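Predicted model only: the values in this text are computed from it and were never measured.
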Amino acid sequence: MRGAWSGSCGSSPRNLTGMDAEIITGGFEEWQPEAEKRFDLVFAATAWNWIDPKVRYPKAWQVLRPGGHLAFWNATHVFPDDGDPFFREIQDVYDELGEGKPKDTDWPRPGELQEQQEEIGQSGLFEVVHVRHFDWERIYHAEEYINLLKTFSDHILMEEWKREKLFSEIRVRLNSRPDSSVRRHWGAVLHVARRLD
């Protein structure tokens with residue numbers, strides 16, 4: 001299998017040492033492979049939703065060989081019934097800062113994340129061959145959790161004073177727990193689709 005890796009999200013090309021891979025730094029939308037080059041797989045992890053659907057499907061179709069596959073997934077927060085209550089409890093701080101979730105915000109449970117078969121089918125370029133939900137739990141200590149939040153676009157865009165107030169309150173609340181940690185559940189939906197000729 002021949003693949004190309006395109007990215008600027010901090011993944012290390014060292015992870016591909018010894019593989020038949022070409023490293024390209026830049027946006028998928030602007031990437032123009034050589035005319036004769038076609039690939040077996042286009043794979044996107046947590047980045048697919050940032051690309052305009054009017055661009056991402058035609059571009060993936062263009063660079064895949066006949067019968068090639070597109071695979072993508074996005075990781076997001078899910079809330080099992082027995083999950084950590086911290087996330088609902090901390091909403092009062094977000095609300096106070098004017099950064100709270102709308103009252104009708106969905107709190108999806110594991111296995112309830114939206115699937116994208118319809119969108120894939122509407123492209124007219126791919127046939128869905130596999131969809132699978134993955135759910136996992138990770139424990140973050142206070143500073144680890146704050147470092148995670150620093151990578152989220154909505155937190156990056158907050159005014160600095162709001163971010164600092166929020167992070168300070170998170171530290172206080174988590175450090176008051178016996179293990180100074182929070183249990184966060186993640187969910188992802190892997191979609192695999194075959195290129196239509």
Side-chain angles (χ1 to χ4, degrees), residues 1-78 99 101 105-106 108 113-134 136 138 140 144-160 162-163 184 186-197:
M1 178 182 289
R2 174 146 179 84
W5 181 84
S6 174
S8 57
C9 59
S11 295
S12 172
R14 289 188 309 265
N15 296 337
L16 301 175
T17 301
M19 298 178 70
D20 183 17
E22 177 184 354
I23 310 302
I24 301 161
T25 302
F28 181 65
E29 301 92 329
E30 292 80 35
W31 174 51
Q32 291 298 327
E34 297 172 27
E36 70 278 3
K37 278 194 178 175
R38 290 292 174 263
F39 301 91
D40 298 301
L41 176 69
V42 168
F43 176 73
T46 72
W48 191 247
N49 61 319
W50 295 104
I51 305 170
D52 183 341
K54 294 176 183 170
V55 175
R56 62 191 180 201
Y57 293 107
K59 184 65 174 247
W61 187 92
Q62 172 197 349
V63 301
L64 284 168
R65 66 167 176 76
H69 288 82
L70 164 67
F72 64 88
W73 61 273
N74 294 305
T76 192
H77 199 171
V78 292
E99 301 286 346
K101 294 176 176 285
T105 296
D106 191 24
L113 294 177
Q114 184 176 1
E115 298 176 1
Q116 293 176 258
Q117 294 107 309
E118 185 176 341
E119 179 186 278
I120 295 168
Q122 286 175 348
S123 75
L125 301 172
F126 292 91
E127 169 192 20
V128 176
V129 295
H130 188 73
V131 176
R132 182 171 173 193
H133 287 254
F134 294 88
W136 66 99
R138 169 119 190 245
Y140 296 90
E144 290 177 310
Y145 183 61
I146 288 167
N147 287 335
L148 173 68
L149 293 179
K150 288 178 179 178
T151 69
F152 293 170
S153 58
D154 55 348
H155 289 71
I156 291 169
L157 295 173
M158 273 185 200
E159 294 175 63
E160 185 175 350
K162 289 184 178 183
R163 201 168 42 244
R184 181 179 169 119
W186 290 91
V189 184
L190 171 66
H191 297 80
V192 181
R194 182 183 299 111
R195 180 191 192 272
L196 296 173
D197 297 332

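- The CZ atom of R163 sits 11.0 Å away from atom CG of D154, with the distance rounded to the nearest 0.5 Å.
- Side-chain contact, E99 with H155: no donor N or O sits under 3.5 Å from an acceptor N or O.
- In this structure, N49 and N74 have side chains that are in contact, with non-hydrogen atoms separated by less than 4.5 Å.
- For the residue pair E119 / Y57, a side-chain donor-acceptor distance below 3.5 Å is found, with atom types taken as modelled.
- For the atom pair L196 CG and E127 CD, the distance stands at 6.0 Å (nearest 0.5 Å).
- Each of I51, L70, V42 was scored for a side-chain contact (heavy atoms from CB on, under 4.5 Å) with R56, with one residue passing: I51.
- Side-chain contact between R65 and D40 is present, with heavy atoms from C-beta onward closer than 4.5 Å.
- Aromatic ring centres of F39 and W61: separated by at least 6.0 Å.
- No side-chain heavy atom of T76 sits less than 4.5 Å from a side-chain heavy atom of W186.
- A heavy-atom distance below 4.5 Å is found between the side chains of W73 and T46.
- Residues H191 and I120 meet the side-chain proximity criterion, which asks for heavy atoms closer than 4.5 Å.
- Between K59 and F28, the closest side-chain pair of non-hydrogen atoms falls below 4.5 Å.
- Of all heavy-atom pairs between A188 and A75, the closest is CB-CA, 4.2 Å.
- In this structure, G67 and D197 approach most closely via the heavy-atom pair N-OD1, 3.8 Å.
- In terms of heavy-atom proximity, P58 sits nearest to P53 at CD-O, 4.0 Å.
- Side-chain atoms of V131 and V128, non-hydrogen and from C-beta on, do get closer than 4.5 Å to each other.
- A parallel orientation is assigned to the rings of F72 and W48, their planes being inclined by less than 30° (bins at 30° and 60°).
- Taking the side chain as every heavy atom from C-beta outward, R184 and H77 approach each other to under 4.5 Å.
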Item to check | Chi angles and distances behind the side chain to side chain contact (heavy atoms under 4.5 Å, CB included) call for H133, L113 | outcome: CA-CA 8 Å; H133 287 254; L113 294 177; 4.3 Å; yes
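- In plain terms, the two heavy atoms of L64 and R38 that are nearest each other are O-CD, 3.5 Å.
- Atom CD of Q62 has more than 12 neighbouring heavy atoms from other residues, nucleotides or ligands inside a 6.0 Å radius.
- In this structure, the separation between CD on Q117 and NE2 on H130 is 11.0 Å, given to the nearest 0.5 Å.
- A cation-pi arrangement, defined by a distance under 6.0 Å to the six-membered ring centre and an angle within 45 degrees of its axis, is absent between R138 and W136.
- When the shell of 6.0 Å around CD of E160 is examined, it contains 12 or fewer heavy atoms from other residues, nucleotides or ligands.
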